[in-house]
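Nothing fancy with the numbering, it's 1 onward along the sequence.
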Amino acid sequence: MENKQYLKRIEKRKLDSFQEYRNSAFAWGISLILALLILGFGFDISTKKINSIAIIVGGIYLVSAIFQYLITMKIKKEILQLNDIKKSTRIVGYLLIPFAITGNFFMAIAGFTLIKKEKNIEYTLCIYAILTSFTIMLISALNLFKAYVSNTFMLGMGILLAITIFYIFTMVMVSKFVKGKVVDKKLLPFAFPLILSVLTGNVFAFLLGLIIISKLRQKDEEISIEWIDVLRRLFRNYMAVLGMFMVILLISLSICSNLTFDYSIAIDNNYETILKSPSLEFPFGTDNYGRCVFTRIVFGARISLVVGTIATLVPVIIGGILGAISGYYGKKLDNVIMRLLDILYAVPGILLAIAIVAAFGANTINLILALSIGSVPAYARTVRATVMSISNNEFVEAAKACGAKDFTIILKHIIPNSLAPIIIRATLGIGGAVLSTSSLSYLGLGVEPHIPEWGNILKIGSNYLETNPYLAIFPGLAIILIVLSFNYFGDGLRDALDPKLK
């Protein structure tokens, strides 16, 4: 019995050592879950009606899950028998990539991973840059089923198509001219357009451009670049990368929606389309004012991300400064600052936010202010603890001996070495800030009611849970998705920055 368990553990370790198997196994599992969920939406129990579109899409996902399962079993068999994957099996990966057209980017990732045996960080970033741009094109293309599209729709789709083609060509060049840690100078012309594409929100392309330039500037190939090593460790964690992908996808969609989506569809009342069920024209249905819920969720992502990010950056800056001063000087100043913050910390964050919004009024600026103040003590404590452990190090003592002023020491030596725990906490904190934003908006204390924000959309949907449940389900799923994405990304970033796990 013990021998069987030991053999199973050995088998599991061998399978887990292959990224191809991990991605493939996850792809078929998530495809099956999505297929069952979509098929479930296809049957309306109350009206006993069948949504043919949901049934077709669910059927496609079910077939793709079965296909992916068969490939996973083939990969598993070859790993256990040959400790490698046959070239013929890798070629099958090309058949998985077109499933991205159905929105199943999990299978597309599995396909890209399978076709190439030696995968460097540059190639991996190309995969996610392509999928980000292509997914936004697919989401934007749903507007073609509407009565009219934005005046800049064709321009936006043209730009996205050109960028996607450029990313594909870049991946071909990366596969050819990147060998291990060596990057050929022929890739330098690609680096600058990749960096500029951050204007579309595609951070994967931006990171790829920075890596190319950094490696070309690095003369000694034996010396590793620390931030690239951190990124490489991050990409070993598949769930963290998926979280990062979803966050970047929403950021990029929020930016590109200015060209490919019509804002009037999200805010203007249309009494001819009140409470329409999900269809190709209205993928998530319409609300009690005839507004497209899908379009409102797309524009709502912008509000949620902006408020969540600013409401995290403000306490990071204020709390970071207070924590750095408190930890560096200590004694009486430390005691005064921390006791005042303890008083603030004793008040529940959500209660403090409700009190501030109730006193000054419900608008976006007051919401950011309310969420920021309650988070200051947590960041101050994190920075203070880190600074106290660093302030006695030799490089700080050397700076003092050289006559450096306290401000210079804190700014140039202590804070840069305290960034890792702050970045991790901030990444996790954005998800919490988004959730708090939606919660306050749901209570009528957040963003103005007419502005498309996930909490506002969910509030309207809660009144139709029995008759039109999709009005609450879709914004609720969006909130869950973004919070989970930030949490997974934050957990992966914490492991990547942990020196013990290098």
Side-chain angles (χ1 to χ4, degrees), residues 1-36 59-102 104-128 130-131 168 171-172 174-176 178-182 229 231-245 488 492 495-496 501-502:
M1 187 66 181
E2 290 182 1
N3 190 36
K4 285 184 179 180
Q5 291 179 348
Y6 173 74
L7 291 174
K8 282 185 178 180
R9 286 198 298 269
I10 295 296
E11 181 180 298
K12 188 177 183 303
R13 287 178 184 175
K14 184 183 286 188
L15 292 172
D16 288 343
S17 65
F18 281 81
Q19 185 182 355
E20 294 88 346
Y21 175 78
R22 297 198 308 270
N23 290 5
S24 184
F26 183 85
W28 85 261
I30 199 69
S31 297
L32 180 61
I33 292 171
L34 289 173
L36 296 176
I60 293 171
Y61 268 74
L62 185 61
V63 171
S64 64
I66 295 170
F67 181 54
Q68 184 68 60
Y69 174 77
L70 295 174
I71 294 174
T72 304
M73 292 300 102
K74 184 173 176 59
I75 293 171
K76 179 180 179 180
K77 182 180 178 182
E78 291 177 4
I79 290 173
L80 294 177
Q81 291 181 355
L82 307 173
N83 199 29
D84 197 3
I85 300 173
K86 292 181 180 178
K87 189 175 181 180
S88 58
T89 305
R90 292 191 180 277
I91 294 174
V92 178
Y94 287 103
L95 300 177
L96 299 177
I97 297 173
F99 280 96
I101 298 172
T102 66
N104 194 338
F105 53 80
F106 302 104
M107 289 184 65
I109 292 171
F112 277 117
T113 306
L114 184 59
I115 60 177
K116 189 171 175 64
K117 186 174 182 179
E118 299 295 333
K119 293 170 280 291
N120 47 47
I121 187 65
E122 292 85 357
Y123 176 79
T124 307
L125 286 170
C126 282
I127 294 173
Y128 287 98
I130 292 168
L131 288 176
I168 294 171
M171 185 170 69
V172 174
V174 163
S175 300
K176 187 176 181 181
V178 177
K179 304 297 180 185
K181 293 183 178 181
V182 181
D229 290 339
L231 196 62
R232 194 176 288 111
R233 291 195 295 272
L234 175 65
F235 272 78
R236 292 174 190 165
N237 188 333
Y238 187 55
M239 293 306 298
V241 176
L242 282 181
M244 183 181 179
F245 172 72
Y488 282 130
D495 294 340
L501 299 177
K502 286 186 179 181

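- For the residue pair Thr113 and Arg90, the shortest heavy atom distance occurs at O-NH1, 4.4 Å.
- Within 6.0 Å of NZ in Lys176 there are 12 or fewer heavy atoms belonging to other residues, nucleotides or ligands.
- Here Thr89 contributes atom OG1 and Ile75 contributes atom CD1; the two are 7.0 Å apart, rounded to the nearest 0.5 Å.
- With a 4.5 Å cut-off on side-chain heavy atoms, Asn23 and Gln19 count as touching.
- Residue Lys86 holds its NZ atom at 8.0 Å from CD of Gln81, rounded to the nearest 0.5 Å.
- Contact annotation: the side chain of Asp495 never approaches that of Arg236 to less than 4.5 Å [non-hydrogen atoms, C-beta and beyond].
- A heavy-atom distance below 4.5 Å is not found between the side chains of Val174 and Leu125.
- With rounding to the nearest 0.5 Å, the separation of CD1 in Ile60 from CZ in Phe99 is 9.0 Å.
- Distance alone, capped at 3.5 Å, is enough to place a donor-acceptor pair between the Ser64 side chain and the Tyr61 backbone.
- Residues Thr72 and Lys76 are not in side-chain contact: their nearest non-hydrogen atoms beyond the backbone lie 4.5 Å or more apart.
- Ile109 has its side chain within reach of Tyr238: a pair of non-hydrogen atoms, C-beta onward, lies under 4.5 Å apart.
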TODO: List the steps and the verdict of salt bridge (charged side-chain N to carboxylate O under 4.0 Å, His left out) for Arg232 and Glu122.
DONE: CA-CA 10 Å; Arg232 194 176 288 111; Glu122 292 85 357; 5.7 Å; no
Task: Check against side-chain contact (heavy atoms from CB on, under 4.5 Å), Gln68 and Ser31 - done: CA-CA 9 Å; Gln68 184 68 60; Ser31 297; 5.5 Å; no
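- Taken from CD in Glu11 to NZ in Lys8, the straight-line distance is 8.5 Å, to the nearest 0.5 Å.
- A distance of 11.0 Å separates CG in Leu234 from OG1 in Thr124, rounded to the nearest 0.5 Å.
- Using a 4.0 Å cut-off between a side-chain N of Lys or Arg and a carboxylate O of Asp or Glu, Asp229 and Arg233 do not qualify as a salt bridge.
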Task: Check against side-chain contact (heavy atoms from CB on, under 4.5 Å), Ile115 and Ile91 - done: CA-CA 6 Å; Ile115 60 177; Ile91 294 174; over 6 Å; no
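- Within the 4.5 Å cutoff, the side chain of Leu114 has heavy atoms near those of the Ile71 side chain.
- Listed by first and then second residue, the ring-ring contact (aromatic ring centres under 6.0 Å, His included) pairs that reach into residues 105-125 are Phe26-Phe106, Phe105-Phe245, sequence neighbours excluded.
- Applying the salt bridge (charged side-chain N to carboxylate O under 4.0 Å, His left out) test to Lys117 and every residue at least two apart in sequence or in another chain returns Asp84.
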Open item on the list: Would Phe18 and Ile85 count as a side-chain contact (heavy atoms from CB on, under 4.5 Å) here? Give the steps.
Closed with: CA-CA 9 Å; Phe18 281 81; Ile85 300 173; 4.3 Å; yes
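- Interatomic distance, CD1 of Ile168 versus SG of Cys126, reported as 10.5 Å (0.5 Å rounding).
- Closest heavy-atom contact between Glu20 and Lys116: OE2-O, 4.1 Å.
- For the pair Leu131 and Ala108, the tightest heavy-atom approach, listed with the atom from each and the gap, is CD2-CB, 3.8 Å.
- Under the salt bridge (charged side-chain N to carboxylate O under 4.0 Å, His left out) criterion, Arg22 pairs with no residue at all, not counting sequence neighbours.
- A search for salt bridge (charged side-chain N to carboxylate O under 4.0 Å, His left out) contacts involving Lys74 returns Glu78, not counting sequence neighbours.
- Within the 4.5 Å cutoff, the side chain of Phe235 has heavy atoms near those of the Tyr128 side chain.
- The ring-ring contact (aromatic ring centres under 6.0 Å, His included) analysis of residues 65-93, with sequence neighbours excluded, yields the pairs Trp28-Tyr69.
- Partners of Lys87 by salt bridge (charged side-chain N to carboxylate O under 4.0 Å, His left out), not counting sequence neighbours: none found.
- The minimum heavy-atom distance linking Ala27 with Ala110 is given by the pair CB-CB, 4.1 Å.
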